[in-house]
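Here is the structure we will look at, set down as structure tokens.
It should be emphasised that the depicted structure is a prediction, and the values quoted were computed from it without experimental measurement.
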Amino acid sequence: MKWKSCMQKNPNLDLFSAANCNYFHTNLSQPVLQEIIQQCEQFRPHATPTNILTKEGIQQDKSYRDNVSCAIPTYHWFAGMIWHYIMRVNQHNFQYDITCFGDDMIEFMSYDVGGHYKWHQDHTLFNYNKHTESIEHVYDMNHQFNRKISFSLLLNDDYEGGELQILKHPSGLTKVPKKAGTLVIFDSNCYHRVTKVKKGRRDVLVGWVIGPRWR
């Protein structure tokens, strides 16, 4: 697979590539996707409403972000598959100094009807979870490493709405096609959002790749 850091659509690879955002259909078969979903379903009982980081601290705000998520350890085989694609994209597009998945975890996220996430950047969210002790701890972690690359693997497409949109100069607004098995890899500096789900439920695997702090 050949990657280029210019905007292009390659019909043979079903690949869209730009300097800051890449998405492509992995062509994972339905049985393989179903296997991933079944493994993720084991974690669904542990899913909790997501938070946002504000000046007042870490808190829920469903007007800004409304979905649930749970962490999945990266020893699962599908995390290794995603990491392979990330390394390829990083080699040809970003060439960032990266280390691993943040917290050595990826997240299984679900958006029910009305679920959404307004415009945001992942790099400004730092790397916090329920074990984060305080807002000061969050900023301390950010001084050790940064989120550099984000990804999203869509697990299903039997829903309406819930469109992932990514905004970054110079490629402009990218609307990611809603097709199960689509993997998006993009710069964590990119603004992006998920529009409201109108019908059904949107399930997705997401995560962030960290590396030594920018200098």
Among all residues two or more places apart in sequence or in another chain, which pass the ring-ring contact (aromatic ring centres under 6.0 Å, His included) test with [X]?
X: His46; value: none
X: Phe151; value: Phe101
X: Phe186; value: His192

Taking all non-hydrogen atoms of both residues into account, name the closest pair between [X] and [Y] and its distance.
X: Arg147; Y: His123; answer: O-CB, 3.8 Å
X: Pro212; Y: Thr99; answer: CD-OG1, 3.6 Å
X: Ala180; Y: Leu33; answer: CB-CD1, 3.8 Å
X: Pro177; Y: Thr182; answer: O-OG1, 4.0 Å
X: Thr26; Y: Gly181; answer: OG1-O, 2.7 Å

Would you say the side chain of [Y] lies within less than 4.5 Å of the side chain of [X], judging by non-hydrogen atoms?
X: Ser152; Y: Leu183; result: no
X: Asp187; Y: Phe94; result: yes
X: Cys190; Y: Leu167; result: no
X: Lys175; Y: Leu164; result: no
X: Ile98; Y: Asn90; result: yes
X: Lys198; Y: Val113; result: no
X: Tyr96; Y: Ile149; result: yes
X: Thr48; Y: Cys70; result: no

Reported [atom1]-to-[atom2] distance for the pair [X] and [Y], which is rounded to 0.5 angstrom:
X: Leu153; Y: Leu155; atom1: CG; atom2: CG; answer: 5.0 Å
X: Lys179; Y: Asn27; atom1: NZ; atom2: CG; answer: 6.5 Å
X: Ile106; Y: Leu205; atom1: CD1; atom2: CG; answer: 5.0 Å
X: Arg88; Y: His84; atom1: CZ; atom2: NE2; answer: 6.0 Å

Can you list everything that forms a side-chain hydrogen bond (donor to acceptor under 3.5 Å, both in side chains) with [X]? Sequence neighbours excluded, please.
X: Asp97; answer: none
X: Glu35; answer: Gln39
X: Gln42; answer: none
X: Tyr191; answer: Gln121

Please check if atom NZ in Lys178 has more than 12 non-hydrogen atoms from other residues, nucleotides or ligands closer than 6.0 Å.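 Counting neighbours around NZ of Lys178, more than 12 heavy atoms of other residues, nucleotides or ligands fall under 6.0 Å, so yes.
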
Please enumerate all residues that pass salt bridge (charged side-chain N to carboxylate O under 4.0 Å, His left out) together with Arg44, with sequence neighbours excluded.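 Residues passing salt bridge (charged side-chain N to carboxylate O under 4.0 Å, His left out) with Arg44: Glu41, Asp203.
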
For a side-chain contact (heavy atoms from CB on, under 4.5 Å) check, start with the C-alpha distance between His116 and Val194, then their side-chain angles and the critical distance, and finish with the verdict. CA-CA 5 Å; His116 68 284; Val194 176; 5.6 Å; no

For the side chain of [X] and the backbone of [Y], is there at least one donor-acceptor N/O pair under 3.5 Å apart?
X: Thr74; Y: Asp104; value: yes
X: Ser188; Y: Ser150; value: yes
X: Tyr85; Y: Val184; value: no
X: Asn146; Y: Trp214; value: yes

Are [Y] and [X] linked, directly or through intermediate hydrophobic residues, by side-chain heavy-atom contacts shorter than 4.5 Å (ILVMFWY only)?
X: Val197; Y: Val68; result: no
X: Tyr75; Y: Ile36; result: no
X: Met105; Y: Ile86; result: no

How does the hydrophobic cluster around Tyr159 look, that is, which other residues are in it when side-chain heavy atoms under 4.5 Å mark a link?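 For the cluster that includes Tyr159, the remaining residues are Leu154.
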
Quick one about Asp66 and Tyr117 (side-chain donor to acceptor, distance below 3.5 Å, no hydrogens or angles considered), yes or no?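 No, because no side-chain N or O of Tyr117 sits under 3.5 Å from a partner of the opposite role on Asp66.
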
Salt bridge (Lys or Arg N to Asp or Glu O under 4.0 Å) contacts in which one or both residues fall within residues 109-119, not counting sequence neighbours: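 Residue pairs with at least one partner in residues 109-119: there are none.
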
Any salt bridge (Lys or Arg N to Asp or Glu O under 4.0 Å) pairs touching residues 148-161, not counting sequence neighbours?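 The answer is none; no pair qualifies.
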
Pair Phe43 and His76, ring centroids less than 6.0 Å apart: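 When the ring centroids of Phe43 and His76 are compared, they turn out to be within the sub-6.0 Å range.
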
Partners meeting side-chain contact (heavy atoms from CB on, under 4.5 Å) with Met109 (sequence neighbours left out):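 Arg65, Asn67, Ser69, Glu107, Tyr111, Val204, Val206, Trp208.
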
